[in-house]
There are 2 protein chains.
Amino acid sequence: MTTSDAAAGSALGAAAARLRVAVPSVADRVAAELRLQLAEGLLLPGARLTESTIAEDLGVSRNTVREAFAELAAERLVVRHPNRGVFVASLGPGDIRDVYTVRRAIEVSAIRGGGSAKRVAAVRAAVEEGKAAAAANDEEGLGNANQHFHRAIVALAGSRRLDTIMAQVLAEMRLFFHKATVDAHFYRGYLPDNEEICNALEAGDLDRAGELLLAYLDRSEERQAAVHGD
Amino acid sequence: MTTSDAAAGSALGAAAARLRVAVPSVADRVAAELRLQLAEGLLLPGARLTESTIAEDLGVSRNTVREAFAELAAERLVVRHPNRGVFVASLGPGDIRDVYTVRRAIEVSAIRGGGSAKRVAAVRAAVEEGKAAAAANDEEGLGNANQHFHRAIVALAGSRRLDTIMAQVLAEMRLFFHKATVDAHFYRGYLPDNEEICNALEAGDLDRAGELLLAYLDRSEERQAAVHGD
DNA sequence: ATCGTCGGATTGTTGAACAATCGGCCGAAG
DNA sequence: CTTCGGCCGATTGTTCAACAATCCGACGAT
């Protein structure tokens, strides 16, 4: 769990390492650790991250922590207030709408371009993963499956840059999902949508798939905006 | 405190300020200087950037240069090879296609969503800027106008994140444009396209505007792929 | 209660040091 | 003559200690 997450996280900023063994730098590992704590909800939005504290806790130099902060700041997971410190990013209503604007752009574009059979199969796999999680009442599994589903859609385009952008956006969203995930029916309601989208995709009806996905995102945005003060 | 007010200062994501006087950090200024040299073509793709050299040249600490590198690496303008150094990013054929995939996604999405009159006017302004530059035989002005045009299109969506992504993509493209810009007719041929797109946009025919823009991007991609060994 | 001032704490930046790693040079072996 | 292995210099990765600049909150004066 943690290792795969770390690998997925490093897919964000890390310089692609050809076929190199490449031990991640210490700064990268610090960033990974913080990313993990962020995703786990251990560090809540608005929380302050003090350089010296983290440096001491993780047994690294303050300078190294600083580099890790730069990495996280570039991913928008954290914001720097000059001379005041870095804080866990917190998204306001405007940010939520912003994030969904990005998702609409890249997800709809990706699905309307179709994709190889293998990539379509990955989308289907995410749908099945979701159904299995639902059957097992695995709340967290449902959320993960949903993210896999949308990442698989973007992956249809086969663009490394789009994949990166999507990963960042999803990481941002995880920041305030910890508040919304309490609703057990939250993701479950999206399952039929995902399946229908996947069906249209497999049938080659890309226009319809795009329409469905767009409607899905609009609804999801409204829902998120409702949960978080509009 | 939301991240909404984070900053639109420098074109790319410098952590600048609301109404703050805020002198940018030294690291930011170093990054800005390097960005400038990158855009000017003083630093060619593949060139190596040695920490100590730059630190000495700019009269700052090596550690500060390091932070600047992190910033540029996050923007993909530079790549880090662990234990070997940082190099000016160079885009291969695959990257070119990748970049255009991103542009198709966000530009077409933005234009199909329309935009306020003020934002449409900004698009028109960019078209006129291009015509003026063409009349003056201002080669560089033409290139700038073209970028303004596409940035204005993305700005239609009013999304800070999309604007940032677009700025990064354009910065990446400038990296290897220094090779392609030699062709005087390069941008000039696109002028009529831009105007037609703008006309459709002003007429409210968003579908048509989107189609035109998409065709434009496809053609541009093919052209770039042709110039750089496919 | 408001305002200015002071002090403590944290960040921004520097400089120096050291280990780890890389690339290339040179010499030895085949 | 080519190839392989190991050494050397150079550069990066990381740490540490220091200092100035800046901010926050508390204290005190008006």
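Below, chain A is the first sequence line, B the second, and so on; all start at residue 1. Values reported hereafter were calculated over all heavy atoms of this structure, with side chains retained and with hydrogens, waters and symmetry mates removed.
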* Sugar-phosphate means primed atoms, P, OP1 and OP2; the rest is base. With that split, encode nucleotides 12-17 of chain C 5' to 3' as B, S or - using protein heavy atoms under 4.0 Å. => BBBB-B
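Each ring pair (Phe, Tyr, Trp, His ring centres under 6.0 Å) pair with one or both residues in residues 82-105 of chain B, not counting sequence neighbours, appears once here: B/His81-B/Phe87. The salt bridge (charged side-chain N to carboxylate O under 4.0 Å, His left out) pairs that include a residue from residues 40-49 of chain B number zero, where partners must be two or more places apart or lie in different chains.
When the side-chain contact (heavy atoms from CB on, under 4.5 Å) test is applied to B/Ala70, the partners found at least two apart in sequence or on another chain are A/Ala70, B/Arg80. Applying the side-chain hydrogen bond (donor to acceptor under 3.5 Å, both in side chains) test to B/Asp138 and every residue at least two apart in sequence or in another chain returns nothing. Scanning for side-chain hydrogen bond (donor to acceptor under 3.5 Å, both in side chains) contacts around A/Thr64 gives an empty result, with sequence neighbours left out.
Atom CZ of B/Phe87 is separated from atom P of C/dG23 by 9 Å (rounded to the nearest Å). Between the CD atom of A/Glu56 and the C1' atom of D/dT15 there is a distance of 15 Å, given to the nearest Å.
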